[in-house]
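Please read the structure below before turning to the comments.
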Amino acid sequence: MTIKMQHVKDYGEMSQKAAAFFYEAIHSNPKIHLGMATGGTPSGMYQELIHKLTEHPLPLGAIKTFNLDEYVGLTQDDPNSYYTFMRETLFAPLKLSRNQTYVPDGRTTDHEAECTRYENLLDTHGIDVQLLGVGANGHIGFNEPGTPFHSTTHVVQLNPSTREANARFFDRQEDVPTHAITMGIASILKAKQIVLLASGETKSEAIFQLLNGTMSEEWPITALQHHPDVTVMVDEAAASKIL
Ligand code: PGA
């Protein structure tokens, strides 16, 4: 296994280290294609990255970003859509334009066509560095346990535990969408480099499975075991089960 581990103390240090990594990645390749993630895990990293880019600006006009997933049924300007999250958290502060920021379209009625369109987009452009968080159940993107490793962009039904975990962002639990469009496991593995962030005790079993578990579709994160270039930044709590 060629996974590179970076151990940090806590969420703050993880966010700083990850931001420094992405700052350097943009610095060394102004035309970089970045795979982006939403959720609590990358939020601190995005804030730190904006801070660094404000203090020491880099040209951003030629970078492109590609998000992992989007809820089905929410309009782009819905406060809970991942597009809105990305616009508020990263795209607007960095003044990234619409034609350099790609997120699957969850409003479409023809899901199959949207999945094909998005996968083609990924194949045409290619992702240099993919940022990932991980779910407590080991999901990456919205690829829940049992998702085939050969899956490309597809529509998924969200697990009750995932809907519960994400309910904190919605007024009522029943408002959490039941489906999402996500890059598949195979789509994620096509990235040249992968950086996975994990903070907190709830992620410790998933990190254990990545490093010590058998490669199995029951733990989607284990698909990363054979990728040639994976860096994992874990804080003490997320690393607490590693042997
Ligand atoms: P989180 O979600 O960053 O909000 O913990 C990660 C995930 O579910 O992939």
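In listed order, ligands and their atoms are each counted from 1. In this text the structure is predicted, and so the values were computed from the model without any measurement.
Every N/O-N/O distance between G133 and ligand 1 stays at or above 3.5 Å. Looking at ligand 1, you'll find an N or O of H139 within less than 3.5 Å of one of its N or O atoms.
Regarding atom 6 (C) of ligand 1, its nearest protein heavy-atom neighbour is V134 O, 3.5 Å. Protein heavy atom nearest atom 1 (P) of ligand 1, with residue, atom name and distance: T41 OG1, 3.5 Å. Nearest non-hydrogen protein atom to atom 2 (O) of ligand 1 is K203 NZ, 4.2 Å.
Each of N166, N80, D78 was compared with Y71 under the side-chain hydrogen bond (donor to acceptor under 3.5 Å, both in side chains) criterion, and only N166 meets it.
For H51, the NE2 atom sits in a loose shell: 12 or fewer heavy atoms of surrounding residues, nucleotides or ligands are nearer than 6.0 Å.
Each of the following atoms of ligand 1 lies closer than 4.0 Å to a heavy atom of R168: 4 (O).
Look at K190 and D123 and you find a salt bridge, because one of the NZ, NE, NH1 or NH2 atoms lies within 4.0 Å of a carboxylate O, short of that distance.
A donor-acceptor pair shorter than 3.5 Å cannot be found between the side chains of E201 and S240.
A cation-pi arrangement is absent between K241 and F208, since the terminal nitrogen or guanidinium carbon is not both under 6.0 Å from the aromatic centre and inside a 45° cone about the axis.
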